[in-house]
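Quick notes on the structure that follows.
To find a chain, count down the sequence lines: A is the first, B the second, and so on, and within it residues start at 1.
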Amino acid sequence: MEIKAPRGTSDILPEKAGIWQFLERRAISLFERYGYRRIITPIFEYTELFRQGIGESTDIVQKEMYTFRDRRGRSLTLRPEATAPVVRAFLEHDLLKHSQPVKLYYIGPMFRYERPQAGRYREFWQIGVEAIGSLDPALDGEVILLLMHYLKDVGLKHLQLHLNSMGCFKCRPSFTESLEGYLQPRIGEFCSDCKRRIKLNPLRVFDCKKEACQNLLSNAPRILDHLCEDCKVHFHEVQEYLKMMDLNHVINPSLVRGLDYYTRTTFEVISPHLGAQNALGGGGRYDNLVEGCGGPPTPATGFALGTERVAMALEKEGVSLPKDSTLDVFLAIVGRDQKPDGFALLSRIREEDIAADMDYGGRSLKGQMKLADKLGVSYALFLGSKELGRGVCRIRDMKTGEQVEVKLEEVPKWLKIHLK
RNA sequence: GUGACCGUAGCUCAAGUGGUCAGAGCAUUGGACUGUGGCUCCAAAGGUUGGGGGUUCAAGUCCCCUCGGUCACCCCA
């Protein structure tokens, strides 16, 4: 084979696709129960959307976007995340005119040009929600609760919820100022990455994993001490909602998410089993994004979770997933001569919504039985010249080995009854 | 983008310091049971050892390049 899947991408083969289906179906059913409705936006957007929405200074925009020009020379970008596209669609279709908040969810692949690593790929899948048009702290609570509910629902047990508040446009500037006042005199003591962070976005020094840097930060001003009255109250109420629902969480003042649009509540759910890329999902409030995209001031909140990471965590925790829906019936023919009649019978069975299949590999009868066994069907049908001559079909119960004869035209009905 | 390790049949892996070292298990197909599954046994098929170049009498085994993977950093899902 010459051509392989591009770096950082992978084929999701049937076995794994089964997990995908499971995760997506659970999300759909749960999110809809919380009142969210699906939105499907394009895989690519005008590059400008992400530059404006996510922020020029972010790593995503700086170095991770799959950007290309179309035949008319327009700059397009494969979406690196879905929040900006959802907000764009929200504005483009005047969903502002609907009752607020508008609660949406999405499922699909995202693209970021990064060096692949465990839990990080160039094409990866996200499941996420966005609730646009409300400042209510209860909505923050709902979104976080939904995220946790979902992860528990699919079978995960070991989860850590981290929570922080990033303040708003009123209180963050003064905090950033005092943080810079603290950092500048010590800038020489920080690692080279932090030096860069201090210049670009001082808040991010909190993200550094190096102990030396963290020690230097032990007396640094904390955003939580600098929240304005409104943000303080909001954050307090969000926590009250979480406590009310017995959601354990830790306040993590260094939870500074890398996208510029976050305000106030930010959160992340971490799995202890995952290695360096251990965030299963995360999100927060983004009260400035809608306005930043050209709309009126509109508060919003949401989260995204990584399908691959959730799947990895499920595997690590040894969660057994419901078996892929398999076939119920396998039709075996004794000789080639019965193929047309077998084909017709199979089709009639399928028309009754019964999952059934037959052999197309020219297998011997025994080979067909082995296949039937491997497929885990409940019943095997035998069609040979003897049966056909009498207008019947032999049905074998694969568990007990018992066999009965059923008239051909009654086979679908018989199966329907016995498969119940 | 930086660093470390790695790349042998579909899958998981074996092949002392370069010389019958290209193998096993699982999976696949067939057979033992010529109209019937799950166990067992037998057999077959399957690899230009990621690709390219080099050193050598001789390379899966050494060197270089390239493509990919893994893990970490940066950062994020």
When you compare B:G37 with B:C13, how far apart are their P atoms, in angstrom units rounded to a whole number? 34 Å
Looking only at the side chain of A:K4 (C-beta and beyond, no hydrogens), which of the listed nucleotides B:G50, B:A77, B:G31 gets closest? B:G50
Taking atom P in both B:U12 and B:C73, compute the distance separating them and give it to the nearest angstrom. 25 Å
A:Y113 six-ring face occupied by A:R122 cation (under 6.0 Å, within 45°): yes
For the side chain of A:R120 and the base of B:A77, is some donor closer than 3.5 Å to an acceptor across the two? no
Between CZ of A:F267 and P of B:A77 the distance, given in whole Å, is 11 Å
Atom CG of A:D225 with >12 non-hydrogen neighbours under 6.0 angstrom: yes
Categorize A:I60 for me: base, sugar-phosphate, or nothing, with a 4.0 angstrom heavy-atom threshold over every strand shown. nothing
Atom OH of A:Y113 and atom P of B:U2: how far apart are they, to the nearest Å? 10 Å
Who pairs with B:U49 - Watson-Crick or G-U, where each distance is under 3.5 Å: none
For the base of B:U2, is there a side-chain donor-acceptor partner from A:R115 under 3.5 Å away? yes
So, A:W125 and B:A77: ring centres less than 5.5 Å apart, planes less than 30° off, yes or no? no
Is any side-chain N or O of A:Q403 under 3.5 Å from a base N or O of B:U36, one able to act as donor and the other as acceptor? yes
How is A:R394 classified with respect to the nucleic acid when contacts are heavy atoms under 4.0 Å: base, sugar-phosphate, or nothing? base
Between the side-chain atoms of A:E114 and the base atoms of B:A77, is any donor-acceptor pair under 3.5 Å? yes
Choose from B:G30, B:C33, B:G35 the nucleotide whose nearest atom is closest to any side-chain atom of A:S364. B:G30
Under 4.0 Å, counting only non-hydrogen atoms across every strand here, what does A:K63 touch: a base, just sugar-phosphate, or nothing? base
Tell me which nucleotide, if any, is Watson-Crick or G-U wobble paired with B:A72 when both distances must be under 3.5 Å. B:U2
If you look at every strand shown and take non-hydrogen atoms under 4.0 Å, does A:A372 touch a base, only sugar-phosphate, or nothing? nothing
Check: A:H158 ring centroid to A:H273 ring centroid under 6.0 Å: yes
So which nucleotide from B:A72, B:U36, B:G38 ends up closest to the side chain of A:Q117? B:A72
Okay, side chain of A:D359, backbone of A:G362: is any donor-acceptor separation there less than 3.5 Å? yes
Closest to the A:F124 side chain, choosing from B:G31, B:A77, B:G35: B:A77
Counting side-chain heavy atoms from CB outward, which of B:C73, B:U36, B:G35 is closest to A:Q277? B:C73
Between B:A24 and B:C65, how far apart are the two P atoms, rounded to whole Å? 36 Å
Ranking B:A72, B:A77, B:G37 by distance to the side chain of A:A276, first place goes to B:A72
Whom does B:G25 pair with, Watson-Crick or G-U wobble, provided both distances fall under 3.5 Å? B:C11
Looking at the side chain of A:E387, which of B:G1, B:G35, B:A77 is the nearest nucleotide? B:G35
Using the P atom in both, what is the distance from B:A27 to B:G1, to the nearest Å? 42 Å
On RNA chain B, more 5' by nearest nucleotide between A:P6 and A:A304 is A:P6
Now, which nucleotide makes the Watson-Crick or G-U wobble pair with B:C33, with each of the two distances under 3.5 Å? none
Report yes if a donor N or O on one partner sits less than 3.5 Å from an acceptor N or O on the other, where the partners are the side chain of A:R7 and the base of B:G69; otherwise report no. no
Rounded to whole Å, the CG-P distance (A:N278 to B:C74) equals 12 Å
Integer angstrom distance from the C1' of B:U8 to that of B:G60: 7 Å
Would A:K103 pass as a cation-pi partner of A:Y36, given that its NZ or CZ must be under 6.0 Å from the six-membered ring centre and within 45 degrees of the axis? yes
Map A:G362 and A:M369 onto RNA chain B by nearest heavy atom, then report which one ends up closer to the 5' terminus. A:G362
When you compare B:A45 with B:G31, how far apart are their C1' atoms, in angstrom units rounded to a whole number? 14 Å
With a 6.0 Å cut-off (strictly less than), is the heavy-atom count around NZ of A:K407, excluding the residue itself, greater than 12? no
Rounded to whole Å, please give me the gap between NZ in A:K366 and P in B:U28. 14 Å
Of all the nucleotides listed (B:G37, B:A72, B:G30), which has the minimum atom distance to the side chain of A:A118? B:A72
Span that lies between the P atom of B:G7 and that of B:G51, in whole angstrom: 13 Å
Taking the C1' atom in each of B:A9 and B:U36, what is the distance between them to the nearest angstrom? 32 Å
Rounded to the nearest angstrom, tell me the gap between atom NZ in A:K370 and atom C1' in B:G30. 8 Å
A:E177, CD atom: more than 12 neighbouring heavy atoms under 6.0 Å: no
Quick one: label A:G128 by what it contacts on the DNA or RNA (base, sugar-phosphate, nothing), any heavy atom closer than 4.0 Å. nothing
A:Y182 ring centre to A:R186 NZ or CZ under 6.0 Å, with the angle to the axis within 45°? yes
Choosing from B:G30, B:G1, B:C74, which nucleotide comes nearest the side chain of A:D59? B:C74
